[in-house]
Protein chains: 2
Amino acid sequence: MALTPVEAVACCLPLNREPLSQEAAERIVPMLKALADPVRLRLLSLVASHEGGEACVCDLNDAFELSQPTISHHLKVLHGAGLLEREKRGVWVYYRSSPSAMSSLAALISDTTT
Amino acid sequence: MALTPVEAVACCLPLNREPLSQEAAERIVPMLKALADPVRLRLLSLVASHEGGEACVCDLNDAFELSQPTISHHLKVLHGAGLLEREKRGVWVYYRSSPSAMSSLAALISDTTT
DNA sequence: CATAGCCATCGACACCTGTCAATATCGACG
DNA sequence: CGTCGATATTGACAGGTGTCGATGGCTATG
């Protein structure tokens, strides 16, 4: 136990290789839930496509017509799922995308029959 | 408009190439929402890993300790998201996985910086 | 036509989730 | 130390979602 979501995904075979166990599914789902919201998907894309793969919260707030607590909440969900890393520098907080998390997820979903 | 979820995903650049627009995000999210449930993730894995990439509903019902309407509901969600195709053969209904949908999603998520 | 079996739909309920306003925390700077 | 600005947390609320029992539609078979 105490596996991070990313670790839970990284050790799984692709979906079409063998039936996923209930335990594995429940460990993986938090990452997919984190992605399954339009605001969070855009936040992740904003950070991942930003210069250096990181972005300041202040910039992210300005990109949406949503309250600051709402953006903070979504960033927390993405961070909790292991999709974003967090670093505080002075007064500002920077979020950085996690390529390993993304590629693990992609490997889980990707087709392996070809 | 009237794009299927799969078409909406297939024409998108990877998340880390450029910020996702709100419209694109909202079109993609239904597929991710469909995946973001442990029962549906296992259902998809069961079908995708099954011989021939298809499985009968009767087999899927037996794999879970859930009511038949609940499984039917989850299959409908996966079908609506374009992740499963549906075919009725006589009394039985078969669901088949959609490799193109899966690989489109994987391409969206996968890292392209390496 | 009657029955039986497979699957879908409906209606109801408890629970989860996205959002906001208000407030707290924390670091920088006079 | 007091203030200000950047983020996070809390509490509350509306709407969404997973589950079930009951029921309906369809198809094969007597």
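Since this is a predicted model, take the numbers as computed values, not measurements. The figures that follow rest on heavy atoms only: side chains count, while hydrogens, waters and symmetry mates do not. Within every chain, numbering begins at 1; the chains are lettered A, B, ... in the order of the sequence lines, protein sequences first and strands thereafter.
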**Request:** Apply side-chain contact (heavy atoms from CB on, under 4.5 Å) to C56(B) and list each qualifying residue two or more places apart in sequence or on a separate chain.
**Result:** C58(B), D59(B), W92(B), Y94(B)

**L35(A) and L105(A), any side-chain heavy atoms less than 4.5 Å apart** = yes

**Asked** Side chains of R42(A) and F64(A): does their closest heavy-atom pair fall under 4.5 Å?
**Response** yes

Quickly work out the [X] [atom1] to [N] [atom2] distance and round it to whole Å.
| X | N | atom1 | atom2 | value |
| --- | --- | --- | --- | --- |
| E87(B) | dC7(C) | CD | C1' | 15 Å |
| R42(A) | dG18(C) | CZ | C1' | 15 Å |
| L75(B) | dT9(C) | CG | P | 11 Å |
| F64(A) | dG18(C) | CZ | P | 14 Å |
| E26(B) | dG18(C) | CD | P | 14 Å |
| Y94(A) | dT7(D) | OH | C1' | 13 Å |
| I71(B) | dT9(C) | CD1 | C1' | 16 Å |
| R89(B) | dA28(D) | CZ | C1' | 17 Å |

**Message:** If hydrophobic clusters are built by linking Ile, Leu, Val, Met, Phe, Trp and Tyr wherever their side-chain heavy atoms come under 4.5 Å apart, do L44(B) and V77(B) end up in the same one?
**Reply:** no

Looking at residues at least two apart in the chain, or sitting in another chain, which of them share a side chain to side chain donor-acceptor pair (under 3.5 Å) with [X]?
| X | value |
| --- | --- |
| Q68(B) | none |
| S100(B) | S98(B) |
| E87(B) | R89(B), R96(B) |

**Complete:** With sugar-phosphate taken as primed atoms, P, OP1 and OP2 and all else as base, the protein-contact string of nucleotides 15-27 of chain D at under 4.0 Å (heavy atoms; B, S, -) is --SSBBBB---S-

**Request:** Pick base, sugar-phosphate or nothing for R86(A), based on heavy-atom distances below 4.0 Å to the nucleic acid.
**Result:** sugar-phosphate

**Asked** Which part of the nucleic acid, if any, lies within reach of Y95(B) when heavy atoms closer than 4.0 Å are counted: base, sugar-phosphate only, or nothing?
**Response** sugar-phosphate

**Prompt:** What pair of heavy atoms forms the shortest contact from M31(A) to A81(A), and how long is it?
**Reply:** CG-O, 3.3 Å

**Prompt:** Are any of K76(A)'s side-chain N or O atoms less than 4.0 Å away from OP1 or OP2 of dA8(D)?
**Reply:** no

**Request:** Evaluate side-chain hydrogen bond (donor to acceptor under 3.5 Å, both in side chains) for H74(A) paired with R40(A), printing each intermediate quantity in order.
**Result:** CA-CA 6 Å; H74(A) 286 309; R40(A) 288 197 291 268; 3.1 Å; yes

**Fill in**
Residues in residues 43-56 of chain B with a heavy atom under 4.0 Å of DNA chain C, by number, are C56(B)

